[in-house]
Amino acid sequence: MRPYILLLNGPNLNRLGVRKPKIYGSVQLRDVISNVSQLAETIGVGVVDFQSNSEGALVDFLQEKGPESLGIIINPGALAHYGLSLRDCLEDLSRPTVEVHISNVHQREEFRHKLVLSDVVDGQVVGLGTFGYELAARYLLNLTDPAKN
Ligand code: DQA
């Protein structure tokens, strides 16, 4: 199989483009996936995407596809604030990982300020809209681009 990165989205992100467009914008998840895939394609890297509303399903997927991946882009949705089994899974995998939040969680309700994946990800892109996924992809692809390393 050719090299790939993972693009994971947690609960309610299947509703992207429809749910609270003032906060999350009008771009749909399929457009995000297509944009990241096109970017990765430029250096011959594939994108394996997965969205689930269930933490266990995300952990199962990561355990299966994570070890062989070049890196992980993850928008955990609300699991970012309390998803400890997801956090432990990412720690166990120890792959280059970028956490994305479309909205600026630090400017929102208090419960969104706590991000439990912080210490197990390389970095976080917060509040830059769906452009954040592209930035995360550029970071991971730059790490793995044979022309740059
Ligand atoms: C989100 C922020 C979370 O607090 C929220 O629960 C989401 C989306 C974001 O992308 O801004 O579902 O992860």
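Here, residue 1 is the first one in the sequence, and each next residue gets the next number. Just follow the structure's listing: the first ligand is 1, and inside any ligand the first atom is 1.
Heavy-atom separations between Asn12 and ligand 1 are all 4.0 Å or longer. Look at Arg19 and you'll find a heavy atom under 4.0 Å from some atom of ligand 1.
The side-chain heavy atoms of Cys89 and Leu62, taken from C-beta on, include a pair separated by under 4.5 Å.
When all heavy atoms of Val98 and Ala136 are compared, the pair lying nearest together is CG1-CB, 3.5 Å. Here the closest heavy-atom approach between residue Gly46 and residue Arg2 is recorded as CA-NH2, 3.8 Å.
Polar contact with ligand 1: absent for Arg108 (N/O pair, distance under 3.5 Å). Between Leu13 and ligand 1, not a single N/O pair is under 3.5 Å apart. For Val100, no nitrogen or oxygen atom sits less than 3.5 Å from a nitrogen or oxygen atom of ligand 1, counting backbone and side chain alike.
Nearest to atom 1 (C) of ligand 1 among the protein's heavy atoms is His101 ND1, 3.6 Å. In terms of protein heavy-atom proximity, atom 11 (O) of ligand 1 is closest to Ser103 OG, 2.6 Å. Among all protein heavy atoms, the one lying closest to atom 9 (C) of ligand 1 is Ile102 N, 3.3 Å. Nearest protein heavy-atom contact of atom 5 (C) of ligand 1 is Arg112 NH1, 3.3 Å.
Residue contact check: Val105 has heavy atoms under 4.0 Å from atoms 2 (C), 4 (O) of ligand 1. Near His81, the atoms of ligand 1 lying under 4.0 angstrom from a non-hydrogen atom of the residue are 3 (C), 4 (O).
Below 30°, between 30° and 60°, or above 60°: for Phe50 and Phe61 the angle between ring planes is below 30°, a parallel geometry.
Distance check: Leu8 CG to Gln51 CD gives 9.5 Å after rounding to the nearest 0.5 Å.
Hydrophobic clustering of Ile, Leu, Val, Met, Phe, Trp and Tyr side chains at less than 4.5 Å, counting indirect connections, unites Leu128 with Leu16.
Between the side chains of Asn53 and Glu55, not a single donor N or O lies within less than 3.5 Å of an accepting N or O.
By the criterion of a heavy-atom distance under 4.0 Å, the side chain of Asn75, and not its backbone, is placed next to ligand 1.
Checked against side-chain hydrogen bond (donor to acceptor under 3.5 Å, both in side chains), Arg87 has the following partners two or more places apart in sequence or in another chain: Glu91, Asp119.
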